[in-house]
Amino acid sequence: MSAHPVPLQPSGDRQRITIGTLAELKDARTSIVMVTAYDFPGALAAEAAGVDVVLVGDSGAMTVLGYESTVPVTVDEMLMLTAATRRGLRTPLLVGDLPFGSYERSDEQAVATAQRFVKEAGCDAVKLERGGTSVARARAIIGAGIPVMGHVGLTPQTAAASGGFRSRGRHADEALEVCQSALALQRAGCFAVVFEAIPSPVTAAVMPRMTVPVIGIGAGPTTDGQVLVLHDLVGMYEGHSPRFVKRYADVGSLMRDAVADYAHDVRTGAYPLAEHCYGMPDNEADRLRDLLNLM
Ligand code: KIV
(Lines give C-alpha, C1' and ligand atoms only; values in the text may rest on other atoms or scores of the structure.)
Protein backbone atom coordinates (compact mmCIF):
# COMPACT_ATOMS: atom_id res chain seq x y z
CA MET A 1 0.00 0.00 0.00
CA SER A 2 1.22 3.50 -0.80
CA ALA A 3 1.99 5.55 2.28
CA HIS A 4 1.02 8.72 0.45
CA PRO A 5 -2.26 10.32 1.53
CA VAL A 6 -5.01 10.14 -1.09
CA PRO A 7 -6.10 13.65 -2.05
CA LEU A 8 -9.82 14.35 -1.83
CA GLN A 9 -11.42 14.53 -5.25
CA PRO A 10 -12.27 18.12 -6.14
CA SER A 11 -16.00 18.78 -5.95
CA GLY A 12 -15.95 21.41 -8.68
CA ASP A 13 -18.18 24.34 -7.91
CA ARG A 14 -20.74 22.32 -5.98
CA GLN A 15 -22.00 23.99 -2.85
CA ARG A 16 -22.18 21.99 0.34
CA ILE A 17 -25.60 20.34 0.54
CA THR A 18 -27.76 21.44 3.45
CA ILE A 19 -31.21 20.53 4.65
CA GLY A 20 -32.37 23.72 2.89
CA THR A 21 -30.88 22.44 -0.37
CA LEU A 22 -32.91 19.24 -0.08
CA ALA A 23 -36.12 21.23 0.42
CA GLU A 24 -35.23 23.30 -2.65
CA LEU A 25 -34.61 20.16 -4.70
CA LYS A 26 -38.03 18.84 -3.64
CA ASP A 27 -39.70 22.13 -4.59
CA ALA A 28 -37.92 22.11 -7.93
CA ARG A 29 -38.92 18.45 -8.48
CA THR A 30 -35.26 17.57 -8.93
CA SER A 31 -34.63 14.03 -7.69
CA ILE A 32 -32.47 13.79 -4.59
CA VAL A 33 -29.65 11.23 -4.84
CA MET A 34 -28.71 9.43 -1.64
CA VAL A 35 -26.32 6.52 -1.26
CA THR A 36 -24.82 4.70 1.67
CA ALA A 37 -21.09 4.65 2.36
CA TYR A 38 -19.13 3.17 5.24
CA ASP A 39 -15.53 4.22 4.74
CA PHE A 40 -13.09 6.69 3.17
CA PRO A 41 -12.97 5.15 -0.35
CA GLY A 42 -16.76 4.83 -0.46
CA ALA A 43 -17.05 8.47 0.56
CA LEU A 44 -14.58 9.55 -2.14
CA ALA A 45 -16.70 7.72 -4.73
CA ALA A 46 -19.88 9.41 -3.49
CA GLU A 47 -18.17 12.80 -3.44
CA ALA A 48 -16.79 12.38 -6.97
CA ALA A 49 -20.18 11.21 -8.25
CA GLY A 50 -21.82 14.34 -6.86
CA VAL A 51 -24.51 12.67 -4.77
CA ASP A 52 -26.61 14.86 -2.47
CA VAL A 53 -26.79 12.78 0.71
CA VAL A 54 -24.52 10.08 2.14
CA LEU A 55 -26.00 7.80 4.78
CA VAL A 56 -23.65 5.70 6.86
CA GLY A 57 -26.38 3.11 7.21
CA ASP A 58 -26.44 0.42 9.83
CA SER A 59 -26.59 -1.85 6.76
CA GLY A 60 -22.82 -1.54 7.16
CA ALA A 61 -23.24 -4.13 9.92
CA MET A 62 -23.86 -6.65 7.13
CA THR A 63 -22.04 -5.16 4.13
CA VAL A 64 -18.71 -4.34 5.77
CA LEU A 65 -18.70 -5.87 9.27
CA GLY A 66 -20.09 -9.28 8.30
CA TYR A 67 -22.92 -9.51 10.84
CA GLU A 68 -26.01 -11.47 9.82
CA SER A 69 -28.33 -8.53 10.50
CA THR A 70 -28.15 -4.87 11.47
CA VAL A 71 -29.10 -5.64 15.07
CA PRO A 72 -25.68 -6.40 16.67
CA VAL A 73 -23.77 -3.34 15.43
CA THR A 74 -22.70 -1.03 18.26
CA VAL A 75 -22.59 2.75 18.51
CA ASP A 76 -18.78 2.64 18.67
CA GLU A 77 -18.60 0.54 15.48
CA MET A 78 -20.99 2.90 13.69
CA LEU A 79 -19.00 5.92 14.89
CA MET A 80 -15.78 4.48 13.48
CA LEU A 81 -17.39 3.84 10.07
CA THR A 82 -19.06 7.26 10.10
CA ALA A 83 -15.90 9.19 11.03
CA ALA A 84 -13.98 7.45 8.22
CA THR A 85 -16.73 8.41 5.78
CA ARG A 86 -16.69 12.00 7.03
CA ARG A 87 -12.99 12.26 6.17
CA GLY A 88 -13.78 11.54 2.50
CA LEU A 89 -16.68 14.02 2.11
CA ARG A 90 -16.91 17.72 1.45
CA THR A 91 -20.17 18.33 -0.34
CA PRO A 92 -22.95 15.85 0.47
CA LEU A 93 -25.05 16.01 3.62
CA LEU A 94 -23.76 13.30 5.98
CA VAL A 95 -26.40 11.33 7.89
CA GLY A 96 -25.44 8.88 10.64
CA ASP A 97 -27.71 5.91 11.38
CA LEU A 98 -28.55 5.35 15.05
CA PRO A 99 -28.16 1.61 15.61
CA PHE A 100 -30.64 -0.69 17.31
CA GLY A 101 -30.70 -0.21 21.07
CA SER A 102 -29.04 3.21 21.03
CA TYR A 103 -32.12 5.47 21.09
CA GLU A 104 -35.30 3.56 21.96
CA ARG A 105 -35.04 3.51 25.78
CA SER A 106 -35.60 7.22 26.49
CA ASP A 107 -35.38 10.69 25.01
CA GLU A 108 -32.20 11.23 27.05
CA GLN A 109 -30.59 8.13 25.55
CA ALA A 110 -31.62 9.20 22.03
CA VAL A 111 -30.22 12.73 22.45
CA ALA A 112 -26.97 11.49 23.99
CA THR A 113 -26.39 9.01 21.15
CA ALA A 114 -27.25 11.56 18.47
CA GLN A 115 -24.83 14.04 20.05
CA ARG A 116 -22.03 11.47 19.78
CA PHE A 117 -22.68 11.11 16.03
CA VAL A 118 -22.38 14.88 15.60
CA LYS A 119 -19.45 15.50 17.97
CA GLU A 120 -17.34 12.38 17.35
CA ALA A 121 -18.13 11.58 13.71
CA GLY A 122 -19.02 14.97 12.23
CA CYS A 123 -22.56 14.10 11.13
CA ASP A 124 -24.89 16.77 9.81
CA ALA A 125 -27.94 14.75 10.84
CA VAL A 126 -28.99 11.35 12.19
CA LYS A 127 -31.56 8.76 11.11
CA LEU A 128 -33.74 6.54 13.25
CA GLU A 129 -36.26 3.84 12.36
CA ARG A 130 -40.03 3.44 12.82
CA GLY A 131 -42.97 5.54 13.90
CA GLY A 132 -44.52 4.80 17.33
CA THR A 133 -42.18 5.64 20.19
CA SER A 134 -39.49 6.75 17.73
CA VAL A 135 -41.58 9.84 16.97
CA ALA A 136 -40.98 11.21 20.48
CA ARG A 137 -37.28 10.30 20.20
CA ALA A 138 -37.05 12.19 16.91
CA ARG A 139 -38.73 15.21 18.50
CA ALA A 140 -36.31 15.14 21.43
CA ILE A 141 -33.23 14.95 19.17
CA ILE A 142 -34.54 17.77 16.98
CA GLY A 143 -35.23 19.77 20.17
CA ALA A 144 -31.56 19.32 21.06
CA GLY A 145 -30.58 20.94 17.76
CA ILE A 146 -29.80 17.88 15.65
CA PRO A 147 -31.70 17.29 12.40
CA VAL A 148 -33.40 13.90 12.10
CA MET A 149 -34.31 11.75 9.10
CA GLY A 150 -37.15 9.28 9.73
CA HIS A 151 -37.50 5.78 8.22
CA VAL A 152 -40.78 3.93 7.70
CA GLY A 153 -42.07 0.82 5.91
CA LEU A 154 -39.63 -2.05 6.22
CA THR A 155 -37.46 -1.13 9.20
CA PRO A 156 -34.72 -3.79 9.38
CA GLN A 157 -33.82 -3.20 13.06
CA THR A 158 -37.22 -4.54 14.15
CA ALA A 159 -38.16 -6.60 11.08
CA ALA A 160 -37.91 -9.91 12.95
CA ALA A 161 -40.47 -8.72 15.52
CA SER A 162 -42.83 -7.26 12.95
CA GLY A 163 -43.32 -9.81 10.21
CA GLY A 164 -39.87 -10.35 8.70
CA PHE A 165 -38.17 -8.94 5.65
CA ARG A 166 -41.13 -8.22 3.39
CA SER A 167 -42.66 -5.12 1.90
CA ARG A 168 -45.01 -3.17 4.15
CA GLY A 169 -48.49 -1.92 3.24
CA ARG A 170 -49.90 -4.40 0.74
CA HIS A 171 -53.19 -4.20 2.61
CA ALA A 172 -54.91 -0.88 3.23
CA ASP A 173 -54.81 -1.18 7.06
CA GLU A 174 -51.05 -1.78 7.15
CA ALA A 175 -50.55 0.87 4.44
CA LEU A 176 -52.43 3.38 6.59
CA GLU A 177 -50.10 2.63 9.52
CA VAL A 178 -47.09 3.32 7.30
CA CYS A 179 -48.61 6.61 6.12
CA GLN A 180 -49.51 7.62 9.69
CA SER A 181 -45.94 6.94 10.85
CA ALA A 182 -44.51 9.05 8.01
CA LEU A 183 -46.88 11.93 8.77
CA ALA A 184 -46.15 11.72 12.52
CA LEU A 185 -42.39 11.90 11.88
CA GLN A 186 -42.99 14.88 9.60
CA ARG A 187 -45.05 16.61 12.31
CA ALA A 188 -42.28 15.88 14.83
CA GLY A 189 -39.95 17.97 12.67
CA CYS A 190 -37.98 15.39 10.67
CA PHE A 191 -36.34 17.09 7.68
CA ALA A 192 -36.82 13.99 5.47
CA VAL A 193 -38.24 10.48 5.67
CA VAL A 194 -36.97 7.25 4.08
CA PHE A 195 -39.71 4.98 2.66
CA GLU A 196 -38.42 1.38 2.41
CA ALA A 197 -40.14 -1.50 0.59
CA ILE A 198 -43.57 0.10 0.25
CA PRO A 199 -45.92 -0.60 -2.68
CA SER A 200 -45.78 2.23 -5.21
CA PRO A 201 -49.54 3.03 -4.91
CA VAL A 202 -49.14 3.56 -1.14
CA THR A 203 -46.29 6.00 -1.71
CA ALA A 204 -48.22 7.79 -4.44
CA ALA A 205 -51.26 8.12 -2.16
CA VAL A 206 -49.38 9.78 0.71
CA MET A 207 -46.88 11.89 -1.26
CA PRO A 208 -49.27 14.85 -1.68
CA ARG A 209 -49.30 15.13 2.16
CA MET A 210 -45.54 14.97 2.54
CA THR A 211 -44.09 18.45 2.78
CA VAL A 212 -40.57 17.21 3.59
CA PRO A 213 -38.43 15.27 1.11
CA VAL A 214 -39.20 11.54 0.90
CA ILE A 215 -36.31 9.30 -0.11
CA GLY A 216 -37.39 5.93 -1.45
CA ILE A 217 -35.78 2.52 -1.48
CA GLY A 218 -38.21 0.13 -3.07
CA ALA A 219 -41.02 2.67 -2.72
CA GLY A 220 -41.68 3.46 -6.37
CA PRO A 221 -41.03 6.41 -8.65
CA THR A 222 -43.04 9.15 -6.94
CA THR A 223 -40.71 9.91 -4.06
CA ASP A 224 -38.48 13.01 -4.03
CA GLY A 225 -35.33 10.92 -4.31
CA GLN A 226 -33.84 7.45 -4.12
CA VAL A 227 -31.31 5.69 -1.91
CA LEU A 228 -29.43 2.45 -2.53
CA VAL A 229 -26.91 0.57 -0.44
CA LEU A 230 -23.48 1.16 -2.00
CA HIS A 231 -22.42 -2.48 -1.80
CA ASP A 232 -25.64 -3.56 -3.55
CA LEU A 233 -25.28 -1.11 -6.40
CA VAL A 234 -21.59 -1.81 -7.06
CA GLY A 235 -22.03 -5.57 -6.62
CA MET A 236 -19.94 -6.07 -3.51
CA TYR A 237 -22.52 -7.75 -1.28
CA GLU A 238 -23.23 -11.43 -1.77
CA GLY A 239 -26.19 -11.77 0.60
CA HIS A 240 -29.89 -11.55 -0.26
CA SER A 241 -30.65 -8.95 -2.90
CA PRO A 242 -34.11 -7.36 -2.53
CA ARG A 243 -36.30 -6.68 -5.57
CA PHE A 244 -35.48 -2.96 -5.56
CA VAL A 245 -31.72 -3.38 -5.98
CA LYS A 246 -30.24 -2.39 -9.31
CA ARG A 247 -26.64 -3.51 -9.82
CA TYR A 248 -24.48 -1.05 -11.74
CA ALA A 249 -21.19 -2.97 -11.52
CA ASP A 250 -19.70 -6.26 -10.40
CA VAL A 251 -16.91 -4.99 -8.19
CA GLY A 252 -17.04 -8.14 -6.06
CA SER A 253 -16.01 -10.40 -8.94
CA LEU A 254 -13.37 -7.87 -10.09
CA MET A 255 -11.88 -8.04 -6.58
CA ARG A 256 -11.98 -11.82 -6.45
CA ASP A 257 -10.34 -12.09 -9.90
CA ALA A 258 -7.64 -9.59 -8.96
CA VAL A 259 -6.76 -11.41 -5.73
CA ALA A 260 -6.77 -14.78 -7.53
CA ASP A 261 -4.43 -13.38 -10.25
CA TYR A 262 -2.12 -12.04 -7.53
CA ALA A 263 -2.05 -15.41 -5.73
CA HIS A 264 -1.24 -17.14 -9.02
CA ASP A 265 1.59 -14.66 -9.78
CA VAL A 266 3.14 -15.09 -6.32
CA ARG A 267 3.03 -18.88 -6.59
CA THR A 268 4.49 -18.93 -10.12
CA GLY A 269 7.12 -16.22 -9.54
CA ALA A 270 5.45 -13.80 -11.95
CA TYR A 271 5.34 -11.29 -9.09
CA PRO A 272 7.42 -9.42 -8.10
CA LEU A 273 9.37 -8.47 -11.24
CA ALA A 274 12.37 -6.12 -11.32
CA GLU A 275 10.05 -3.15 -11.84
CA HIS A 276 8.45 -3.84 -8.42
CA CYS A 277 11.79 -4.05 -6.56
CA TYR A 278 14.24 -1.55 -5.09
CA GLY A 279 17.88 -1.66 -6.25
CA MET A 280 21.17 -0.44 -4.78
CA PRO A 281 24.52 0.47 -6.38
CA ASP A 282 26.67 -2.63 -7.17
CA ASN A 283 29.58 -1.38 -5.05
CA GLU A 284 27.25 -0.95 -2.05
CA ALA A 285 25.89 -4.47 -2.54
CA ASP A 286 29.51 -5.82 -2.65
CA ARG A 287 30.38 -3.90 0.51
CA LEU A 288 27.28 -5.24 2.28
CA ARG A 289 28.27 -8.82 1.40
CA ASP A 290 31.78 -8.14 2.84
CA LEU A 291 30.30 -6.70 6.01
CA LEU A 292 28.01 -9.69 6.43
CA ASN A 293 30.97 -12.06 5.91
CA LEU A 294 32.77 -10.33 8.79
CA MET A 295 29.90 -11.05 11.18
O1 KIV B 1 -29.00 1.14 6.78
C2 KIV B 1 -29.29 1.51 5.64
O3 KIV B 1 -28.53 1.34 4.67
C4 KIV B 1 -30.58 2.17 5.43
C5 KIV B 1 -30.99 2.49 4.04
C6 KIV B 1 -31.45 1.27 3.36
C7 KIV B 1 -32.00 3.56 3.99
O8 KIV B 1 -31.26 2.39 6.37
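Read the numbers this way: they start at 1 and go in the same order the structure lists the ligands and their atoms. Not measured: the values here are computed from a predicted model.
- For Thr70 (side chain) and Ala61 (main-chain N/O), no donor-acceptor pair under 3.5 Å exists by modelled atom type.
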Carefully, step by step, assess His231 and Tyr38 under the rule ring-ring contact (aromatic ring centres under 6.0 Å, His included). CA-CA 10 Å; His231 287 52; Tyr38 314 99; 5.3 Å; yes
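- For residues 166-193, no pair satisfies ring-ring contact (aromatic ring centres under 6.0 Å, His included), with sequence neighbours left out.
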Identify all N/O pairs between ligand 1 and the protein with a separation under 3.5 Å and present them as a table of atom names and distances.
{"residue": "ligand 1", "atom": "1 (O)", "partner": "Asp58", "partner atom": "N", "Å": "3.2"}
{"residue": "ligand 1", "atom": "1 (O)", "partner": "Asp58", "partner atom": "OD1", "Å": "3.0"}
{"residue": "ligand 1", "atom": "1 (O)", "partner": "Ser59", "partner atom": "N", "Å": "3.0"}
{"residue": "ligand 1", "atom": "1 (O)", "partner": "Ser59", "partner atom": "OG", "Å": "3.3"}
{"residue": "ligand 1", "atom": "1 (O)", "partner": "Asp97", "partner atom": "OD2", "Å": "3.3"}
{"residue": "ligand 1", "atom": "3 (O)", "partner": "Ser59", "partner atom": "OG", "Å": "2.5"}
{"residue": "ligand 1", "atom": "8 (O)", "partner": "Lys127", "partner atom": "NZ", "Å": "3.1"}

Show the numbers, then the answer: is there a side-chain contact (heavy atoms from CB on, under 4.5 Å) between Leu98 and Phe117? CA-CA 8 Å; Leu98 304 184; Phe117 275 76; 3.7 Å; yes
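- Taken to the nearest 0.5 Å, the OG atom of Ser134 stands 7.5 Å off from the CG atom of Leu185.
- Salt-bridge check for Arg16 with Asp124: passed, with a basic side-chain N closer than 4.0 Å to an acidic carboxylate O.
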